Engineer: 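I have a structure I would like to understand better, so I am pasting it below and will then ask my questions one at a time.
Bear in mind the structure is a predicted one, so any value in this text is a computation, not a measurement. Residue numbers count from 1 along this sequence.
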Amino acid sequence: MEFSDNVNYVVLSNNVDKKFMSKFGVYQIIDVLPFEKLKNNLEMFPSKRVIFNESLSSLSNKEKKEIFDLLDKQNINYVNVTSNIEDALFGDYIIVYDEDMKVLEGNKEVVLKNEKLLKKLGFGVPFVVDLSIQLMYYDILNKVYFDVDNLLEALWN
């Protein structure tokens with residue numbers, strides 16, 4: 001797989017195995033690690049791109065944000081390979097796989113608005129996206145939100 005510079009990717013897949021991970025070729029892959037060990041590894045990371053293989057799934061949102069802030073500070077881009085749809089909110093560009101077949105890709109806004117396909121594949125949509133879509137049906141909102149804080153601010157205004 002080839003990746004553009006300065007873009008953070010999320011790869012959604014329900015079938016992440018060795019064969020699937022071999023698509024990432026020369027990039028260094030980080031598997032599941034405790035938060036502190038993961039953070040320490042990334043502080044001295046030798047490359048400008050890292051691949052996470054479900055390694056963020058056990059972290060809290062606060063810990064994930066800290067990891068992404070650390071990567072941003074060090075100008076390290078990432079590919080987060082996950083089955084957790086909520087993690088899609090942290091990326092810029094999302095690629096969705098069903099088994100080994102790519103079925104959808106695009107920027108976060110385009111992919112996460114494709115609610116029916118994501119649900120059909122078993123991913124669903126992130127809570128904040130689902131809530132904002134539902135509120136659009138009632139004309140309470142006029143756009144889809146990808147951040148809870150921004151959604152709350154829009155509701156209060």
Engineer: Looking only at non-hydrogen atoms, find the nearest pair between E63 and L59 and report the distance.
Structural biologist: OE1-CA, 3.4 Å

Engineer: Between L38 and V50, is there shared hydrophobic-cluster membership here, with clusters defined by ILVMFWY side-chain heavy atoms closer than 4.5 Å?
Structural biologist: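 Yes; tracing contacts between hydrophobic side chains, which count when under 4.5 Å, links both residues.
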
Engineer: Check for me, please, whether I51 and V32 land in the same ILVMFWY cluster - side-chain distances under 4.5 Å, paths through other members count.
Structural biologist: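 No, I51 and V32 fall in different hydrophobic clusters.
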
Engineer: Any heavy-atom pair between the side chains of Q28 and P46 that's under 4.5 Å?
Structural biologist: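 Yes, side chains in contact.
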
Engineer: Around atom NZ of K48, are there more than 12 heavy atoms from other residues, nucleotides or ligands closer than 6.0 Å?
Structural biologist: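 Yes.
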
Engineer: Just to verify, what does F127 make a ring-ring contact (aromatic ring centres under 6.0 Å, His included) with, not counting sequence neighbours?
Structural biologist: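 Applying ring-ring contact (aromatic ring centres under 6.0 Å, His included) to F127 gives none.
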
Engineer: Going through the distances and angles, do K102 and I95 end up as a side-chain contact (heavy atoms from CB on, under 4.5 Å)?
Structural biologist: CA-CA 7 Å; K102 187 187 316 181; I95 305 169; 3.8 Å; yes

Engineer: Let me confirm one number: the CD-CG distance from E66 to L71, rounded to the nearest 0.5 Å.
Structural biologist: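 That separation rounds to 11.0 Å.
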
Engineer: Please list, one pair per line, the donor and acceptor atoms closer than 3.5 Å that link side chains of residues 150-157 to other protein atoms, with sequence neighbours excluded.
Structural biologist:
{"unit_1": "N157", "atom_1": "ND2", "unit_2": "E153", "atom_2": "O", "d": "3.1"}

Engineer: Could you tell me whether a side-chain N or O of S55 sits under 3.5 Å from a main-chain N or O of I30, the two making a donor and an acceptor?
Structural biologist: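 Side chain of S55 to backbone of I30: a pair is present.
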
Engineer: Over all heavy atoms of both residues, which pair between S13 and S83 is shortest? Give the atoms and the distance, please.
Structural biologist: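 Looking at all heavy atoms of both residues, the shortest contact is O-CB, 3.4 Å.
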
Engineer: For the atom pair CD (Q74) and OG (S47), what is the distance rounded to the nearest 0.5 Å?
Structural biologist: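 So the gap between those two atoms works out to 11.5 Å.
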
Engineer: Rounded to the nearest 0.5 Å, how far apart are CG of N80 and CG of N53?
Structural biologist: 9.5 Å

Engineer: Between S4 (side chain only) and V7 (backbone N and O only), is there a donor and an acceptor less than 3.5 Å apart?
Structural biologist: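 Looks like no, no N/O pair under 3.5 Å.
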
Engineer: Can you list the residues that meet the ring-ring contact (aromatic ring centres under 6.0 Å, His included) rule with F146, with sequence neighbours excluded?
Structural biologist: none

Engineer: Between the side chains of K65 and D69, is the shortest nitrogen-to-carboxylate-oxygen separation below 4.0 Å, so that they form an ion pair?
Structural biologist: yes

Engineer: What's the spacing between F20 CZ and E99 CD if we round to 0.5 Å?
Structural biologist: 10.5 Å

Engineer: Treating R49 as the side-chain partner and N8 as the backbone partner, does any N or O pair qualify as donor plus acceptor under 3.5 Å?
Structural biologist: no

Engineer: List for me each residue that meets salt bridge (charged side-chain N to carboxylate O under 4.0 Å, His left out) alongside D147, sequence neighbours excluded, and say none if there are none.
Structural biologist: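 Expected list: none.
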
Engineer: Taking the side chain as every heavy atom from C-beta outward, state whether K113 and V125 have any pair of such atoms under 4.5 Å apart.
Structural biologist: no

Engineer: Taking ring-ring contact (aromatic ring centres under 6.0 Å, His included) as the test, write out the residues that go with Y27, two or more places apart.
Structural biologist: F3

Engineer: Where do D31 and E54 land on the side-chain contact (heavy atoms from CB on, under 4.5 Å) test, with the steps shown first?
Structural biologist: CA-CA 7 Å; D31 291 310; E54 292 284 358; over 6 Å; no

Engineer: How close do N84 and E86 get, heavy atom to heavy atom, and via which atoms?
Structural biologist: OD1-N, 2.9 Å

Engineer: Output side-chain donor-acceptor pairs under 3.5 Å for residues 130-142, partner residues at least two apart or in another chain, one line each.
Structural biologist:
{"unit_1": "D130", "atom_1": "OD1", "unit_2": "Q134", "atom_2": "NE2", "d": "3.3"}
{"unit_1": "S132", "atom_1": "OG", "unit_2": "V128", "atom_2": "O", "d": "3.1"}
{"unit_1": "S132", "atom_1": "OG", "unit_2": "V129", "atom_2": "O", "d": "3.0"}
{"unit_1": "S132", "atom_1": "OG", "unit_2": "Y145", "atom_2": "N", "d": "3.1"}

Engineer: Got V11 and T82 here, is their nearest side-chain heavy-atom distance under 4.5 Å?
Structural biologist: no

Engineer: Does the pair K119/E115 count as a salt bridge with the N-to-O cut at 4.0 Å?
Structural biologist: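 Looking at K119 and E115, the cut-off is met.
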
Engineer: Rounded to the nearest 0.5 Å, what's the gap from CZ on F68 to CG on L42? Could you check?
Structural biologist: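 If I round to the nearest 0.5 Å, the distance is 10.0 Å.
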
Engineer: Donor-acceptor pair, distance only, cut-off 3.5 Å: does the side chain of E43 make one with the backbone of N40?
Structural biologist: no

Engineer: So, are D98 and K120 salt-bridged, with charged N and O less than 4.0 Å apart?
Structural biologist: no

Engineer: Hydrophobic cluster membership, with links at side-chain heavy-atom distances under 4.5 Å among I/L/V/M/F/W/Y: are L104 and Y93 in one?
Structural biologist: no

Engineer: Between CD1 of I85 and CG of L12, what distance do you get to the nearest 0.5 Å?
Structural biologist: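 Between I85 CD1 and L12 CG, I get 4.5 Å after rounding to 0.5 Å.
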
Engineer: Are V96 and L89 co-members of a hydrophobic cluster defined by side-chain heavy atoms under 4.5 Å apart?
Structural biologist: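 As far as the 4.5 Å side-chain criterion goes, V96 and L89 are connected within one cluster.
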
Engineer: Are D92 and K108 ion-paired here, with the side-chain N under 4.0 Å from a carboxylate O?
Structural biologist: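 Here D92 does not pair with K108 in a salt bridge, since their nearest N and O are not under 4.0 Å apart.
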
Engineer: Compare all side-chain heavy atoms of L118 with those of L112 and state whether any distance is below 4.5 angstrom.
Structural biologist: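 In short, these two side chains touch, coming nearer than 4.5 Å.
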
Engineer: If the plane angle is over 60° it's perpendicular, under 30° parallel, otherwise tilted; pick one for F52 and Y78.
Structural biologist: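 Correct class here is tilted.
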
Engineer: Determine whether V79 and Y97 fall in the same hydrophobic cluster, where Ile, Leu, Val, Met, Phe, Trp and Tyr are linked whenever their side-chain heavy atoms lie under 4.5 Å apart.
Structural biologist: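 Linked within one cluster.
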
Engineer: Could you tell me if the side chain of D87 sits less than 4.5 Å from the side chain of K64, heavy atoms only?
Structural biologist: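 Answer yes - side chains close enough.
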
